[in-house]
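Report on the structure given below.
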Amino acid sequence: MVVGSRRQARERALSLLYEADAKGLPPAAVLRELPVPPDAFAAELVAGVGECQAQLDDLIGRFAVDWTVERMPVVDRTLLRMAVYELLERPDIPTAAIISEAVELAQTYSTDESGRFVNGVLGSVSTEVRG
């Protein structure tokens, strides 16, 4: 898979997970409702975040200084969940690529401070889970 298509898959996954959060639905339900399934990587991210959300939120919460997962902006929380899922479950994807993509998406779709925040949390989580 080329980087550009993985980036598009992450954007699609972000959109679907955001929708699930906004509607209060499990991510798997949002996937089931789609008339056309997303590409395999996007579907994996959405399903994986849904299945591992408690574990992801626990890790994020441990490293997000002065923030509870529930209080984070939805986009930041969603990007962090996606990236932490990748850090845990996709050892084939380089740590730097995961963090860089998450930071870029945060800078594009969230607040002015989000890129720095996402980078800091993911830097700490990656040290814990990937060494």
Side-chain angles (χ1 to χ4, degrees):
M1 172 177 274
V2 296
V3 174
S5 61
R6 196 172 269 165
R7 167 68 180 258
Q8 290 170 332
R10 286 185 179 102
E11 286 180 325
R12 182 74 171 123
L14 172 62
S15 170
L16 293 169
L17 288 164
Y18 185 93
E19 179 181 345
D21 192 283
K23 292 181 175 179
L25 294 172
V30 172
L31 281 176
R32 281 193 304 272
E33 292 174 1
L34 294 174
V36 177
D39 93 340
F41 185 62
E44 176 193 344
L45 287 176
V46 173
V49 166
E51 291 165 9
C52 302
Q53 188 170 315
Q55 177 189 12
L56 301 174
D57 286 357
D58 178 60
L59 263 172
I60 294 164
R62 285 180 27 218
F63 294 103
V65 179
D66 297 330
W67 281 93
T68 62
V69 174
E70 299 78 28
R71 279 191 52 238
M72 290 176 191
V74 177
V75 172
D76 295 4
R77 176 174 61 230
T78 302
L79 286 170
L80 286 168
R81 286 173 176 162
M82 288 170 45
V84 172
Y85 172 80
E86 285 188 71
L87 289 168
L88 291 170
E89 302 296 329
R90 293 298 304 262
D92 59 308
I93 303 174
T95 301
I98 294 168
I99 294 173
S100 174
E101 283 286 321
V103 169
E104 285 183 36
L105 289 168
Q107 291 169 336
T108 301
Y109 295 108
S110 197
T111 69
D112 291 342
E113 300 299 317
S114 292
R116 212 166 33 249
F117 174 70
V118 166
N119 187 55
V121 173
L122 292 178
S124 298
V125 171
S126 69
T127 299
E128 165 108 349
V129 302
R130 287 198 170 182

Hey, could you give me the [atom1]/[atom2] distance between [X] and [Y], rounded to the nearest 0.5 Å?
| X | Y | atom1 | atom2 | result |
| --- | --- | --- | --- | --- |
| E51 | L56 | CD | CG | 10.5 Å |
| Q53 | Q55 | CD | CD | 11.5 Å |
| L79 | L105 | CG | CG | 5.5 Å |
| W67 | R77 | CH2 | CZ | 10.5 Å |
| L17 | L45 | CG | CG | 7.5 Å |
| S110 | D76 | OG | CG | 3.5 Å |

(message) Distance alone, cut at 3.5 Å: any donor-acceptor contact between the side chains of Y109 and E11?
(response)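 There is such a pair between these side chains.
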Could you report the tightest heavy-atom contact between [X] and [Y], atom names first, then the distance?
| X | Y | result |
| --- | --- | --- |
| T95 | S126 | CG2-CB, 3.6 Å |
| S5 | D39 | O-OD2, 4.4 Å |
| T78 | Y18 | CG2-N, 4.3 Å |
| A42 | A13 | O-CB, 3.9 Å |
| Q107 | G115 | CG-CA, 3.9 Å |

(request) Decide if atom CG of D92 counts as having more than 12 heavy atoms of other residues, nucleotides or ligands within a radius under 6.0 Å. (result)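 Above 12, so yes.
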(request) Taking atom CZ of F63 as the centre, report whether more than 12 heavy atoms of other residues, nucleotides or ligands fall under 6.0 Å from it. (result)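 It does: F63 CZ has more than 12 such atoms within range.
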(message) Between S124 and T127, is the side chain to side chain donor-acceptor pair (under 3.5 Å) condition met? List the steps.
(response) CA-CA 5 Å; S124 298; T127 299; over 6 Å; no
Looking at side-chain heavy atoms only, is the closest gap between [X] and [Y] below 4.5 Å?
| X | Y | result |
| --- | --- | --- |
| F41 | R10 | yes |
| V30 | V46 | no |
| V69 | R81 | yes |
| L59 | R62 | yes |
| L25 | E33 | yes |
| I98 | R130 | yes |

(message) Treating S114 as the side-chain partner and T111 as the backbone partner, does any N or O pair qualify as donor plus acceptor under 3.5 Å?
(response)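 Yes.
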(message) Under 4.0 Å between a side-chain nitrogen and a carboxylate oxygen: does that hold for R6 and E101?
(response)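 So R6 does not pair with E101 through a salt bridge.
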(request) Please step through side chain to side chain contact (heavy atoms under 4.5 Å, CB included) for the pair V125 and L80, ending with a clear verdict. (result) CA-CA 10 Å; V125 171; L80 286 168; over 6 Å; no
